[in-house]
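First the structure, in the form of structure tokens, and then the observations on it.
In this chain, residues are counted from 1 in sequence order. Keep in mind that the numbers below use all heavy atoms, side chains included, and drop hydrogens, waters and symmetry copies.
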Amino acid sequence: MRIIILIYCIFALNSVVFASISDYINSIEECSKNQSYKSFTSVIKGEASISDIEKQVIIDQEISDELNSPFIFTDLSNCIKIALEKNYNIKIYNQYKKEAYWLHKNAQFQLLPDIYYNFDIKNLEGRYLVGGIVTTTTHEVPIQSLTVLEWSTINQGKYFFLLAQTKNMFKSSVANLEFEKEKIIRDVVLEYYDVLEKKLEMEVQKVNLYDRLEQLKYTKARFDIGIGTFYDVKRAQAELAGAQQDYTTTINSLRLRQASLANVLGIDVLDAIYPFEITVDIRELVDSKLSIEDLYEQALESREDIKSKISEIEAYKALRSSNYTDIIPEITLAYQNGYVGTARQGLSAHNSLTFDIRAHLGKNLLMGTITKVKADNAVVKAKKNELIDLKRQVKENILNYYYDSLNALKKIEAAKVETEAADVSLDLSLANMKAGEATFIDVISSQNLKVHANINLIKNMIEYNKSQTKLLFEIGLISPDSVIKGYRQKFY
């Protein structure tokens with residue numbers, strides 16, 4: 001009698017548990033009916049087969065619907081093209097370049113004379129001393145109308161140093177703009193790979209979600225006919241819920257990565273950029289035969305930020321040297337042509353040529369000049385130290401990404417072995433369970449291993465490509481052409 005009551009209680013508990021999760025399972029099944037569940041179920045069961053492209057179309061549509069955001073399909077090369085046209089950092093640095101260009105032009109024109117017109121009229125009325133002795137009363141209206149041409153020659157020699165300074169600042173701004181373009185290319189590639197990684201990871205988890213649902217149905221069927229256990233059913237329910245959580249987390253990460261990529265491209269962050277690729281290939285962008293020293297030497301020759309810093313140092317040297325002109329005489333030529341006179345006497349022609357030499361002994365008894373030289377000299381030394389620090393940082397980054405690439409290659413080889421073994425392990429565990437030689441726990445473990453192995457392989461391949469991109473940037477050879485070396489567009 002007790003056994004009968006116990007059995008009754010187990011079945012009652014079973015009905016309650018299944019009722020508590022029925023809404024969850026039904027929601028997945030209903031969602032699947034409206035999309036691609038039947039297609040995937042058939043493929044998983046081996047009852048039908050579809051091409052990779054057909055499968056990709058189904059998955060992409062499902063994910064787009066779940067995000068409630070239509071995808072903008074594109075590829076890496078197109079993203080780079082858009083960024084170079086629309087990125088706002090590039091627009092900002094382009095304006096800095098224009099500013100430096102016109103400042104250099106302004107410096108070139110400093111050698112030209114100034115020309116201006118001067119008109120002066122006064123009303124003089126009252127008593128005045130003439131020669132400091134005779135007092136007289138007068139009422140005069142003096143008038144002066146002059147055109148003046150004034151030339152300060154070479155402005156104590158400051159002209160040449162100003163010219164050198166603005167020229168080097170312009171060269172620095174050009175290099176800064178090019179370096180910013182290189183950074184944007186690097187950032188676009190890295191952001192694109194982040195989106196691609198989440199896309200591929202999400203697709204693995206999407207298939208895993210369908211697998212988990214099938215496993216739950218299978219364990220329920222086994223339990224109903226008395227050859228399965230209630231524990232297996234509960235474990236299958238938990239695995240399905242866990243798969244749904246992983247998928248939800250990844251799909252949210254995808255949307256955030258899409259917004260980050262759109263921001264780098266300079267387009268609306270609401271635009272959901274989606275890669276065409278259905279797989280990822282590893283691409284060697286930097287010759288693996290080159291040593292770290294070889295790569296560093298290449299960086300010293302090619303990096304635009306190093307070129308910019310060198311030009312900036314030369315500009316500050318010119319600024320420092322310009323202080324020494326404070327002790328050079330200032331020579332000014334002035335020519336006046338016009339009319340002078342009074343309202344009563346009339347105007348008479350006036351022409352004058354002035355040659356003026358003014359000797360300086362520096363500013364503030366030379367102390368102002370000396371202190372300014374010392375201040376500018378400190379700036380020059382600081383800029384030189386910045387250059388040294390920049391070169392050291394570049395060398396460190398090259399070393400980091402060089403070994404990151406090597407490490408990623410090793411992990412890729414291991415991940416490939418892991419993936420192949422996981423596929424075989426899952427097939428064997430399913431076959432053994434059907435034959436009664438394995439438990440459902442074995443199947444669960446094999447399924448988890450498969451998902452982990454596939455995602456791990458994707459991450460390692462993306463990691464290698466990102467390391468190669470960073471290394472290419474660090475040696476100063478990144479460009480729209482070099483960064484897509486070996487890139488194959490796999491899309492439908």
Side-chain angles (χ1 to χ4, degrees), residues 80 83-84 87-101 103-104 107 161-190 264 284-321 376-405 466-485:
I80 294 173
L84 292 177
N87 180 271
Y88 280 87
N89 281 350
I90 292 178
K91 292 179 180 180
I92 291 170
Y93 276 88
N94 190 47
Q95 295 304 315
Y96 289 154
K97 172 189 170 183
K98 289 182 178 180
E99 178 195 20
Y101 171 80
L103 285 176
H104 181 50
F161 294 107
L162 177 63
L163 204 61
Q165 179 193 0
T166 56
K167 179 181 179 180
N168 281 291
M169 290 305 293
F170 175 62
K171 289 171 62 178
S172 177
S173 69
V174 171
N176 283 336
L177 174 60
E178 294 305 311
F179 184 66
E180 188 63 26
K181 289 179 180 178
E182 292 178 353
K183 287 200 297 184
I184 295 304
I185 293 173
R186 177 202 61 187
D187 292 346
V188 168
V189 175
L190 298 182
V264 173
E284 184 181 83
L285 303 180
V286 180
D287 191 351
S288 59
K289 297 178 182 178
L290 296 176
S291 67
I292 294 177
E293 286 295 336
D294 293 333
L295 297 175
Y296 179 61
E297 290 300 322
Q298 179 65 63
L300 295 181
E301 295 179 5
S302 305
R303 288 214 23 149
E304 294 293 340
D305 56 338
I306 292 179
K307 296 178 183 178
S308 172
K309 186 60 66 176
I310 292 174
S311 295
E312 188 178 353
I313 291 172
E314 293 303 315
Y316 279 99
K317 285 182 178 180
L319 179 63
R320 178 187 60 187
S321 299
D376 289 343
N377 189 54
V379 174
V380 171
K381 289 182 178 180
K383 294 298 178 181
K384 288 181 177 180
N385 286 328
E386 287 178 6
L387 177 60
I388 294 172
D389 185 62
L390 174 60
K391 290 179 178 180
R392 289 170 57 85
Q393 187 62 52
V394 167
K395 193 168 188 178
E396 180 185 352
N397 290 342
I398 289 174
L399 182 143
N400 289 339
Y401 302 135
Y402 179 86
Y403 283 108
D404 281 349
S405 296
K466 290 171 69 173
S467 296
Q468 283 286 290
T469 301
K470 293 175 183 177
L471 187 55
L472 189 66
F473 168 79
E474 291 298 330
I475 63 176
L477 294 182
I478 195 169
S479 68
D481 293 330
S482 65
V483 82
I484 60 173
K485 174 185 175 184

#### Entry: Geometric cation-pi criterion, Arg320 with Phe161: 6.0 Å, 45°
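Checked: cation-pi criterion not met.
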### Query
So, Arg303 and Asp305, do they make that salt bridge, N to O below 4.0 Å?
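Salt bridge present between Arg303 and Asp305.
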### Message
Could you check whether Lys183 pairs with Glu304 (Lys NZ or Arg NE/NH1/NH2 to Asp/Glu carboxylate O, under 4.0 Å)?
### Response
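Salt bridge between Lys183 and Glu304, a charged N being under 4.0 Å from a carboxylate O: no.
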At their closest point, which heavy atom of [X] faces which heavy atom of [Y], and how far apart are they?
| X | Y | result |
| --- | --- | --- |
| Ser482 | Leu477 | OG-O, 2.8 Å |
| Leu103 | Thr166 | O-CG2, 3.9 Å |
| Ala299 | Ile306 | O-CD1, 4.0 Å |

### Task
Evaluate the criterion side-chain contact (heavy atoms from CB on, under 4.5 Å) for residue pair Lys171 and Asn168; output intermediate values, then yes/no.
CA-CA 5 Å; Lys171 289 171 62 178; Asn168 281 291; 4.2 Å; yes
Atom [atom1] in [X], atom [atom2] in [Y]: separation rounded to 0.5 Å?
| X | Y | atom1 | atom2 | value |
| --- | --- | --- | --- | --- |
| Leu295 | Asn397 | CG | CG | 12.5 Å |
| Ile475 | Leu285 | CD1 | CG | 9.5 Å |
| Gln393 | Leu390 | CD | CG | 8.5 Å |
| Asp187 | Phe473 | CG | CZ | 8.0 Å |
| Ser467 | Leu472 | OG | CG | 12.5 Å |
| Leu319 | Asp376 | CG | CG | 4.5 Å |

### Result of checking Leu471, Val189, Val483, Ile184 against Ile478 for side chain to side chain contact (heavy atoms under 4.5 Å, CB included)
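Of Leu471, Val189, Val483, Ile184, side chain to side chain contact (heavy atoms under 4.5 Å, CB included) with Ile478 is met by Val483 alone.
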Using a cut-off of 6.0 Å, state whether more than 12 heavy atoms not belonging to [X] lie near its atom [atom1].
| X | atom1 | value |
| --- | --- | --- |
| Lys91 | NZ | yes |
| Lys309 | NZ | yes |
| Tyr96 | OH | no |

[Y] and [X], any side-chain heavy atoms less than 4.5 Å apart:
| X | Y | result |
| --- | --- | --- |
| Asn385 | Ile388 | yes |
| Asn400 | Lys470 | no |
| Tyr296 | Lys391 | yes |
| Lys383 | Lys317 | no |

### Message
What verdict does the side-chain hydrogen bond (donor to acceptor under 3.5 Å, both in side chains) test give for Glu180 and Asn176, after you've listed the backbone C-alpha separation in whole Å, the side-chain angles of each residue and the deciding distance to 0.1 Å?
### Response
CA-CA 6 Å; Glu180 188 63 26; Asn176 283 336; over 6 Å; no
### Task
I would like to know whether Tyr316 and Gln165 meet side-chain contact (heavy atoms from CB on, under 4.5 Å); could you show each step before the answer?
CA-CA 7 Å; Tyr316 279 99; Gln165 179 193 0; over 6 Å; no
### Message
Tell me if a side-chain donor or acceptor on Asn94 pairs with a main-chain N or O of Ile90 at a distance below 3.5 Å.
### Response
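Looks like no, no N/O pair under 3.5 Å.
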### Task
Look at the side chain of Ser311 and the backbone N and O of Lys307, then say whether any donor-acceptor pair between them is shorter than 3.5 Å.
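The answer is yes, because a donor-acceptor pair under 3.5 Å joins these two groups.
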### Task
Test side-chain contact (heavy atoms from CB on, under 4.5 Å) on Arg186 and Lys181 and set out the steps.
CA-CA 9 Å; Arg186 177 202 61 187; Lys181 289 179 180 178; over 6 Å; no
### Query
Under 30°, 30 to 60°, or over 60°: which ring-plane class applies to His104 and Phe170, parallel, tilted or perpendicular?
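Taking Phe170 first and then His104, their aromatic rings lie parallel (interplane angle under 30°).
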#### Entry: Glu312-Ser308 side chain donor-acceptor pair, cut-off 3.5 Å
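Not at all, the side chains of Glu312 and Ser308 share no donor-acceptor pair under 3.5 Å.
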### Query
Cut-off 3.5 Å, side chains only: do Gln298 and Asp294 have a donor facing an acceptor?
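There is no such pair between these side chains.
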### Stepwise side-chain contact (heavy atoms from CB on, under 4.5 Å) test for Val174 and Leu177
CA-CA 5 Å; Val174 171; Leu177 174 60; 5.9 Å; no
